[in-house]
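Remember, it's 1-based here, ligands and their atoms both numbered in the order they're listed. These figures come from a predicted structure and were not determined experimentally.
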Amino acid sequence: MSEVSVTKDATPVADALVVLNNVNKHFGALHVLQDIDLTIARGEVVVVIGPSGSGKSTLCRTINRLETTDSGTISIDGKPLPQEGRELARLRADVGMVFQSFNLFAHKTVLENVTLGQVKVRKTDRKTAETKARSLLDRVGVGAQADKYPAQLSGGQQQRVAIARALAMDPKVMLFDEPTSALDPEMINEVLEVMRQLAADGMTMVVVTHEMGFARSAANRVVFMADGKIVEEARPDQFFANPRSDRAKDFLSKILHH
Ligand SMILES: Nc1ncnc2c1ncn2[C@@H]1O[C@H](COP(=O)(O)OP(=O)(O)O)[C@@H](O)[C@H]1O
Ligand SMILES: [Mg+2]
């Protein structure tokens with residue numbers, strides 16, 4: 001995986017799954033994504049880091065079309081992102097997303113949270129969907145909580161349910177936007193451990209995180225963003241040992257020595 005080469009002119013990468021080509025986005029006068037070229041190979045784990053406000057969340061949100069773009073193209077598995085309707089719902093299922101806030105349905109049980117999308121979007125029959133939901137809940141270590149409501153679970157448990165819910169759709173790629181930032185410290189590892197396992201199982205993942213230990217141990221590539229641009233990208237060992245840009249050096253000195 002580590003020898004997958006990504007070039008600025010978007011030369012095809014072997015087995016590319018997510019391809020962003022010259023993507024630009026503005027929020028009013030703010031040029032929040034600037035000429036973004038990023039190709040993610042099947043099975044690759046990309047960790048995106050950078051200062052607050054650099055466009056990391058917006059980047060994730062454009063990949064499942066929670067945000068539109070102004071120019072450039074994004075494709076998943078060779079197909080451009082659909083604009084609307086049923087195709088868009090399917091895209092959102094293919095691109096699983098886990099947010100900082102857990103975003104579970106508060107008035108549905110844990111089991112229902114992980115069953116619902118399978119029935120509605122994937123048209124799986126309820127019994128099959130529930131069986132799969134239980135097996136995924138076991139896999140992320142919260143099988144015993146299946147009949148509870150989200151508010152009855154700890155933050156770490158809720159986030160693992162959110163991961164199971166996304167996985168239930170058999171996504172092609174999983175996006176994680178600071179999945180542990182809202183958690184109490186003692187719950188961070190139980191979520192990172194589930195993500196590490198997922199990475200080891202071959203899931204294609206884009207992970208925005210400040211957890212540098214995770215980046216070192218699980219990422220194939222680190223992408224460093226600042227001011228709406230990809231400033232630098234490298235293998236984690238190279239990036240942490242020898243960041244090339246001043247922006248990255250400055251950022252790392254702030255987060256590694258506080
Ligand atoms: N919906 C929005 N409307 C206007 N500005 C936004 C919106 N979402 C984000 N921004 C701005 O875009 C910039 C990048 O935001 P974001 O992608 O959330 O950065 P990050 O996730 O790296 O902290 C920030 O300056 C933010 O204030
Ligand atoms: Mg963000």
Side-chain angles (χ1 to χ4, degrees), residues 18-40 45-74 76 81 83-84 88 91-92 95-104 155-156 158-159 162-163 166 173-185 187-188 191-192 195 205-215 218-219 221-234 236 239-240 243-256 258:
V18 181
V19 181
L20 288 84
N21 200 343
N22 204 19
V23 168
N24 283 279
K25 175 166 186 73
H26 297 76
F27 285 120
L30 182 69
H31 197 171
V32 62
L33 294 179
Q34 304 186 22
D35 300 330
I36 300 289
D37 287 320
L38 180 64
T39 299
I40 297 160
V45 177
V46 172
V47 163
V48 180
I49 66 174
S52 177
S54 56
K56 307 179 300 294
S57 293
T58 307
L59 177 72
C60 283
R61 292 166 60 83
T62 60
I63 296 176
N64 68 356
R65 223 167 190 286
L66 288 172
E67 298 283 358
T68 57
T69 53
D70 300 335
S71 65
T73 58
I74 303 178
I76 309 245
L81 293 193
Q83 307 291 310
E84 57 191 8
L88 186 55
L91 168 83
R92 297 253 166 84
V95 181
M97 181 132 185
V98 176
F99 302 88
Q100 179 174 333
S101 50
F102 321 121
N103 290 54
L104 296 172
Q158 288 186 56
Q159 197 59 305
I163 294 172
V173 52
M174 287 277 289
L175 311 178
F176 294 86
D177 189 0
E178 301 202 26
T180 60
S181 296
L183 296 178
D184 292 332
M187 292 167 191
I188 291 176
V191 172
L192 292 179
M195 292 166 61
M205 294 164 63
V206 178
V207 183
V208 179
T209 186
H210 299 297
E211 295 293 334
M212 295 301 119
F214 177 83
R221 180 159 44 127
V222 172
V223 167
F224 174 72
M225 287 186 76
D227 297 332
K229 298 190 192 89
I230 294 178
V231 174
E232 189 164 337
E233 47 185 313
F239 179 78
F240 290 113
R244 294 182 304 261
S245 64
D246 289 342
R247 293 302 302 265
K249 284 177 196 165
D250 181 52
F251 178 76
L252 285 177
S253 73
K254 281 181 184 138
I255 60 163
L256 297 177
H258 67 198

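Considering Thr209, Val48, Val208, Val207 in turn, Val207 is the only one that fulfils the side-chain contact (heavy atoms from CB on, under 4.5 Å) rule with Phe176.
The aromatic rings of Phe224 and Phe251 lie tilted to each other, with the angle between the two planes from 30° to 60°.
For atom 3 (N) of ligand 1, a protein heavy-atom neighbour is present inside the 4.0 Å cut-off.
Side-chain atoms of Asn24 and Asp35 include a donor-acceptor pair closer than 3.5 Å.
Listed by number with element, the atoms of ligand 1 under 4.0 angstrom from any heavy atom of Pro51 are 22 (O). For ligand 1, the atoms closer than 4.0 angstrom to any heavy atom of Val32 are 12 (O), 13 (C), 14 (C).
Side-chain contact between Glu211 and Val47: absent, with no pair of heavy atoms (C-beta onward) separated by less than 4.5 Å. Ile49 places none of its side-chain heavy atoms less than 4.5 Å from the side chain of Glu232. With a 4.5 Å cut-off on side-chain heavy atoms, Phe214 and Thr180 do not count as touching.
Counting only heavy atoms of the protein, atom 18 (O) of ligand 1 lies nearest to Ser57 CB, 3.6 Å. The closest protein non-hydrogen atom to atom 9 (C) of ligand 1 is Phe27 CE1, 3.5 Å. With respect to atom 27 (O) of ligand 1, the closest heavy atom belonging to the protein is Leu30 CD2, 4.9 Å. The protein heavy atom nearest to atom 22 (O) of ligand 1 is Lys56 NZ, 2.8 Å. Ranking the protein heavy atoms by distance from atom 23 (O) of ligand 1 puts Gly53 N, 2.7 Å first.
Inclusion of Ser52 in the first shell of the Mg ion (ligand 2) is not supported: no N, O or S atom falls under 2.8 Å.
Side chain of Glu233 to backbone of Ile230: no donor-acceptor contact under 3.5 angstrom is found. Side-chain atoms of Arg92 come within 3.5 Å of backbone N or O of Arg65 as a donor-acceptor pair.
Distances from atom 17 (O) of ligand 1 to the heavy atoms of Thr62, Leu59, Thr58 put Thr58 nearest. Taking all heavy atoms of Ser52, Gly50, Cys60, Gly55 into account, the minimum distance to atom 19 (O) of ligand 1 is reached by Gly55.
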